[in-house]
Amino acid sequence: MPGTSQTAPADPAGTREHRPDPATAAFLTHRNLLFTVAYEMLGSAADAEDVLQETWLRWVGVDLDTVRDRRAYLVRITTRQALTRLRTLGRRKESYVGSWLPEPLLTTPDVAEDVELAESLSTAMLLVLETLTPTERAVFVLRDVFDLGYDEIAGAVDKTPAAARQIAHRARAHVAARRPRGVTSRTETRDALDAFRRAVETGDLQGLLDILAPDVVLVGDGGGVKQAVPRPVVGSDKVARLLAAGLGRVAGAVSVRPVEVNGYPALLLHLAGELDSVLTVRVDDGLVTGLYAVRNPEKLSHMARETALRR
């Protein structure tokens with residue numbers, strides 16, 4: 001499409017002075033949706049942004065007169081690009097130093113209001129999605145999160161509608177066996193984080209220990225850049241001892257701020273005035289079964305501003 005920018009437009013604000021061309025207008029209308037699809041599939045905002053750029057480059061070469069449903073067409077391009085990127089990410093994760101956690105996003109209040117979207121974006125659910133094959137993940141996300149029809153999904157993953165339906169059934173059963181037990185309430189999540197904050201601010205771990213499940217897992221992601229537990233720590237006693245030792249070393253130097261991350265309450269930990277880590281939790285039946293701390297600086301870049309996510 002001659003004269004069209006080869007860089008994906010990031011914000012419709014820049015188009016207000018003149019009417020954008022139809023391709024740009026369609027892309028801007030659905031940009032937040034496309035980013036959300038890519039992020040749900042990848043767990044990485046940086047890679048999701050790259051997928052959007054690749055989607056734009058393909059979209060500007062499409063003859064719009066041949067496109068019946070522009071939203072569906074854009075979702076299909078995004079899904080295919082995300083699948084390619086997901087397979088590349090799999091190889092990168094094999095050489096990743098320490099545990100890998102999804103990149104946290106500072107989210108707007110409306111994300112939390114969409115309970116199903118927030119649940120799908122939680123650290124716990126994104127880690128469950130990591131256990132699916134790339135095609136299973138794409139089909140699950142498109143069907144169970146975005147409610148696309150099987151005909152649309154089939155076109156996005158290059159399968160027949162019947163095959164897409166079978167893949168969705170298999171992926172749904174896989175996820176159901178691993179997702180948090182029961183509905184995780186925002187109140188339970190906030191209570192768990194408040195207990196952690198009190199432990200940081202007062203040094204009293206008892207309130208936190210009272211809500212740790214016996215099989216709680218602590219996972220830290222430093223990416224080989226920041227110190228973090230090299231592998232998951234399992235069990236309330238081990239996790240408690242590790243937290244006591246870690247908090248004891250930085251007592252008085254850490255400040256904690258509650259925020260909304262991926263649609264759920266979370267904590268930002270600042271050390272000496274600099275953002276050090278983002279803490280999220282998984283809660284099952286009222287007890288904390290997962291503590292997730294992201295310290296890798298490359299994964300904290302989206303904590304400076306809110307990210308708009310849409311279904």
Side-chain angles (χ1 to χ4, degrees), residues 36-44 47-48 51 75-76 78-94 96 99-105 114-185 189 213 215-219 221 231-232 234 262-264 280-285 287-292 294 309 311:
T36 308
V37 170
Y39 177 77
E40 290 259 16
M41 287 183 59
L42 301 170
S44 164
D47 286 288
V51 163
V75 168
R76 185 167 70 212
T78 300
T79 301
R80 288 179 172 176
Q81 296 307 309
L83 275 170
T84 299
R85 181 62 61 106
L86 188 57
R87 295 181 177 108
T88 302
L89 270 178
R91 292 191 291 271
R92 276 171 30 195
K93 288 172 189 172
E94 290 176 0
Y96 194 80
S99 299
W100 182 94
L101 287 172
E103 184 176 348
L105 298 177
D114 186 339
V115 176
E116 290 182 353
L117 177 61
E119 182 189 13
S120 73
L121 291 165
S122 69
T123 302
M125 180 57 77
L126 290 174
L127 289 174
V128 171
L129 296 184
E130 285 289 314
T131 65
L132 297 172
T133 68
T135 301
E136 286 174 342
R137 184 167 185 168
V139 171
F140 179 86
V141 165
L142 294 179
R143 180 62 182 174
D144 284 51
V145 180
F146 296 96
D147 199 28
L148 266 63
Y150 287 111
D151 287 343
E152 291 179 86
I153 295 172
V157 299
D158 198 23
K159 302 288 184 181
T160 65
R165 188 184 296 272
Q166 290 180 337
I167 293 169
H169 177 75
R170 185 169 66 243
R172 198 173 294 122
H174 182 97
V175 169
R178 294 163 176 81
R179 73 192 313 162
R181 299 183 294 274
V183 177
T184 301
S185 75
T189 301
D215 57 350
V216 62
V217 179
L218 170 65
V219 183
D221 180 345
R231 60 188 62 84
V234 182
N262 290 40
Y264 273 93
T280 57
V281 297
R282 168 173 172 163
V283 178
D284 289 273
D285 299 328
L287 295 176
V288 175
T289 56
L291 282 164
Y292 310 108
V294 177
L309 300 170
R311 284 207 291 174

Closest non-hydrogen atom pair between [X] and [Y], with its separation:
X	Y	value
Val294	Pro102	CG2-O, 3.9 Å
Thr131	Val128	OG1-O, 2.5 Å
Ala213	Thr289	CB-CG2, 3.7 Å
Ala38	Val51	CB-CG1, 4.0 Å
Ala156	Arg80	O-CG, 3.2 Å
Val217	Pro232	CG1-CB, 3.8 Å

Look only at the side chain of [X] and the backbone of [Y], and say whether a donor-acceptor pair between them is shorter than 3.5 Å.
X	Y	value
Arg137	Met41	yes
Tyr264	Thr123	no
Arg311	Val145	yes
Asp221	Leu101	yes
Asn262	Pro104	no
Arg178	His174	yes
Arg282	Tyr292	no

I need the [X] [atom1] to [Y] [atom2] distance, nearest 0.5 Å.
X	Y	atom1	atom2	result
Arg92	Asp47	CZ	CG	4.5 Å
Arg85	Leu89	CZ	CG	7.0 Å
Leu218	Arg231	CG	CZ	13.0 Å
Ile167	Ile153	CD1	CD1	9.5 Å
Leu126	Glu103	CG	CD	11.0 Å
Thr135	Leu86	OG1	CG	9.0 Å

Dump the intermediate steps for side-chain contact (heavy atoms from CB on, under 4.5 Å) on Leu83 and Arg87, then the final yes or no. CA-CA 6 Å; Leu83 275 170; Arg87 295 181 177 108; 3.8 Å; yes
In this structure, which one of Leu148, Leu132, Leu129 forms a side-chain contact (heavy atoms from CB on, under 4.5 Å) with Val141? Leu129
Let me see the working for Glu152 and Arg76 under side-chain contact (heavy atoms from CB on, under 4.5 Å), right down to the final yes or no. CA-CA 8 Å; Glu152 291 179 86; Arg76 185 167 70 212; over 6 Å; no
Please test Leu117 against Thr36 for side-chain contact (heavy atoms from CB on, under 4.5 Å), starting from the C-alpha separation and ending with a verdict. CA-CA 10 Å; Leu117 177 61; Thr36 308; 4.1 Å; yes
Note, Leu291 side chain near Val281 side chain (heavy atom, < 4.5 Å): yes
